[in-house]
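See structure below.
Naming convention: chains lettered A, B, ... in sequence-line order (proteins, then strands); numbering from 1 in each chain.
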Number of protein chains: 4
Amino acid sequence: MKILVTGFEPFGGEAVNPSIETVNRLPDQIAGARIIRLEIPTVRGKSLQVIEEALRRHDPDVILCVGQAGGRAQISVERVGINVDDFSIPDNEGNQVTDQPVCPGGPDAYFVTVPIRAMAERIRARKIPAGISNTAGTFVCNHVTYGVCHMIATKYPGKRSGFIHIPFLPEQVAEKGGTSQAGAPSMSGEMMVEAMCAAIEAIVDTSQ
Amino acid sequence: MKILVTGFEPFGGEAVNPSIETVNRLPDQIAGARIIRLEIPTVRGKSLQVIEEALRRHDPDVILCVGQAGGRAQISVERVGINVDDFSIPDNEGNQVTDQPVCPGGPDAYFVTVPIRAMAERIRARKIPAGISNTAGTFVCNHVTYGVCHMIATKYPGKRSGFIHIPFLPEQVAEKGGTSQAGAPSMSGEMMVEAMCAAIEAIVDTSQ
Amino acid sequence: MKILVTGFEPFGGEAVNPSIETVNRLPDQIAGARIIRLEIPTVRGKSLQVIEEALRRHDPDVILCVGQAGGRAQISVERVGINVDDFSIPDNEGNQVTDQPVCPGGPDAYFVTVPIRAMAERIRARKIPAGISNTAGTFVCNHVTYGVCHMIATKYPGKRSGFIHIPFLPEQVAEKGGTSQAGAPSMSGEMMVEAMCAAIEAIVDTSQ
Amino acid sequence: MKILVTGFEPFGGEAVNPSIETVNRLPDQIAGARIIRLEIPTVRGKSLQVIEEALRRHDPDVILCVGQAGGRAQISVERVGINVDDFSIPDNEGNQVTDQPVCPGGPDAYFVTVPIRAMAERIRARKIPAGISNTAGTFVCNHVTYGVCHMIATKYPGKRSGFIHIPFLPEQVAEKGGTSQAGAPSMSGEMMVEAMCAAIEAIVDTSQ
């Protein structure tokens with residue numbers, strides 16, 4: 001079994017993106033599955049092209065994308081991608097669109113095809129906060145969630161895909177400084193790597 | 001130099017309290033200062049008695065108390081303790097009081113006497129989210145913040161004291177489960193220990 | 001033009017539900033459209049049955065459902081309903097299901113067919129906080145958002161539908177009391193009625 | 001009985017400040033007490049000078065200051081002012097200070113001398129969300145909370161003072177627009193006026 005795991009380059013003025021940091025630290029094998037790591041651009045359209053090239057080259061059984069959800073406190077396993085791009089900030093090539101479809105003519109949404117509940121539970125069993133999320137937003141993360149589902153549904157039958165949102169790294173929040181008593185939530189890089197391994201184990205389990 | 005560092009026993013239905021977990025993992029020496037670890041009860045009055053006994057036994061230069069602030073995302077170095085007990089939940093012996101003084105006849109508040117800004121900055125320099133907080137609440141954490149300041153001001157001149165609030169541990173949040181996409185923020189135990197070491201280094205630095 | 005506007009009975013231990021309170025205060029005519037008010041049960045399945053009966057009796061052009069989103073601060077115009085019931089609390093007849101479809105065999109989601117951006121902008125033009133939301137949750141509100149879209153798509157072509165989430169009423173929050181400095185957000189009943197009128201005006205406008 | 005009620009001019013890029021808007025709409029008499037309305041600058045030092053001039057001119061029995069707490073959802077009756085100015089943004093004359101005393105040589109804090117619990121309860125009895133707050137921050141609102149207490153304690157014995165934080169007005173949030181489902185909480189101007197009347201009634205009651 002082969003799993004393509006993608007992470008994004010930094011965006012929104014951040015120096016790092018915890019998603020690619022985490023993906024790059026995954027081992028080559030998890031629960032017997034071969035892990036293929038891929039960095040993708042935080043850009044409308046181009047992110048999907050880079051994934052499709054890797055999909056053709058590696059022919060993975062599962063595509064699992066990871067993205068930063070600044071402000072969320074726990075690992076969130078996304079349930080659904082919707083057919084809309086509605087960017088409140090520009091992506092890394094300056095695209096900022098309002099209420100445009102990810103894939104013109106596609107269905108309104110796709111549920112992901114990885115076992116979201118088992119993944120969240122497996123992560124929590126490792127004592128790491130996790131839950132199911134019902135919105136991946138309308139920026140590039142949702143673009144990829146929906147786009148990969150559509151790609152598979154229309155061209156690569158039999159493959160499965162999913163999306164996991166992860167919090168800021170502590171260093172991202174620490175750099176923001178300030179005296180507010182709350183501040184944005186974060187999660188250590190080690191914990192994020194462990195959470196990803198747990199999620200992937202759940203995927204492998206349900207494939208057997 | 002001797003520093004008495006206290007942590008609380010669990011309260012509010014939690015199985016663990018990150019404060020005593022963290023305190024128990026501190027090394028015996030930090031930046032040349034001797035660390036004395038102490039567990040204190042989450043109880044009005046009694047918490048201060050246990051601290052005063054340790055204060056007499058060990059004669060520390062600094063008393064640094066640590067408590068859990070569930071819902072906060074970062075290490076918060078408290079600036080001030082106020083002379084009020086206003087408990088929205090009972091303490092561990094069932095005391096639940098409204099608008100009562102911590103120390104009848106005491107001043108309305110005390111600023112802590114450890115270097116709060118240097119402590120927060122030193123923690124952030126280790127890439128750990130931290131900030132100054134202007135309220136320690138009105139439960140046992142504030143009771144201890146104020147009470148120790150008053151104890152020192154009235155009976156043990158020359159000593160210094162402070163209070164640090166720390167977030168939930170990831171395991172506390174993970175056990176709560178749920179499908180909410182947000183969840184409560186948490187911080188890894190390792191990071192909390194490192195943050196405490198950084199804070200104590202800042203205290204030692206400003207003592208020289 | 002006829003618009004069926006529905007509100008829910010109270011649920012989750014609340015004495016009132018701002019949605020039916022607001023719906024019951026709407027005038028009989030808004031921007032020339034006839035308004036038909038309907039209370040629906042906060043119950044899986046039955047909520048949709050009651051709507052379908054009213055749909056047959058009144059033959060409205062638009063079905064606009066309203067629900068309470070406790071914790072949200074502004075009027076949120078929902079973009080999408082998803083084909084999942086995942087109830088973290090029981091509905092008013094004790095149903096509590098996990099990851100069940102709203103309509104077995106239906107598509108994963110439907111975008112609503114009212115002009116969400118114009119509705120949100122029209123509300124904000126009245127100086128009332130409003131925005132587009134990308135998740136109606138997975139409780140009865142989403143059940144109805146999805147279910148009505150599916151009903152129309154499969155049986156009542158040409159009709160349109162939408163869903164609006166509104167905050168708590170101030171009285172709901174005031175009764176909770178407490179000394180927290182934050183508390184849950186709320187919105188006055190008058191303002192909610194005005195927001196609904198503005199939203200309906202936007203629907204009527206785009207129908208001409 | 002005479003009550004001086006102050007509100008601030010706008011700051012932080014806002015076009016209006018709900019505090020002066022609310023104060024200007026208070027009636028001339030509340031529960032038999034004469035109300036004197038005063039706008040004060042959002043400026044360190046100068047805000048207190050303007051209050052002291054009015055205090056000398058009108059000789060009020062109570063000074064009740066009102067300020068905007070953007071992000072808070074309910075009326076918060078402040079318990080305490082602390083002797084620190086720690087501005088995360090500049091005030092309206094460009095002053096931005098770190099950890100400076102409001103009044104050099106003053107005590108660390110003052111509890112306000114109006115009946116905070118009765119005030120919060122009276123507001124809630126009108127079905128308006130309200131609570132006691134234990135921090136007025138460290139910007140000009142706290143500056144005034146502390147400064148007026150100190151002024152009274154040192155020069156005008158027998159007078160009483162307090163501070164109330166109020167949320168954003170709906171129009172302030174509506175103008176920010178955006179598609180976030182949450183947004184900042186707000187409260188209608190009418191409700192804020194009614195809350196202030198209730199708070200003042202509680203003050204008058206406890207003076208008899």
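Within residues 95-102 of chain C, the residues having any heavy atom closer than 4.5 Å to a heavy atom of chain A are T98(C), D99(C), listed by residue number. The interface of residues 50-63 of chain C with chain A, defined by heavy-atom distances below 4.5 Å, is empty.
Annotation: side chain of T135(A) is not in contact with side chain of R79(C) (no heavy-atom distance under 4.5 Å).
Heavy-atom distances place no part of N142(A) under 4.5 Å from chain C, backbone and side chain included.
Shortest non-hydrogen contact noted between D108(C) and F111(A) is OD2-N, 2.7 Å.
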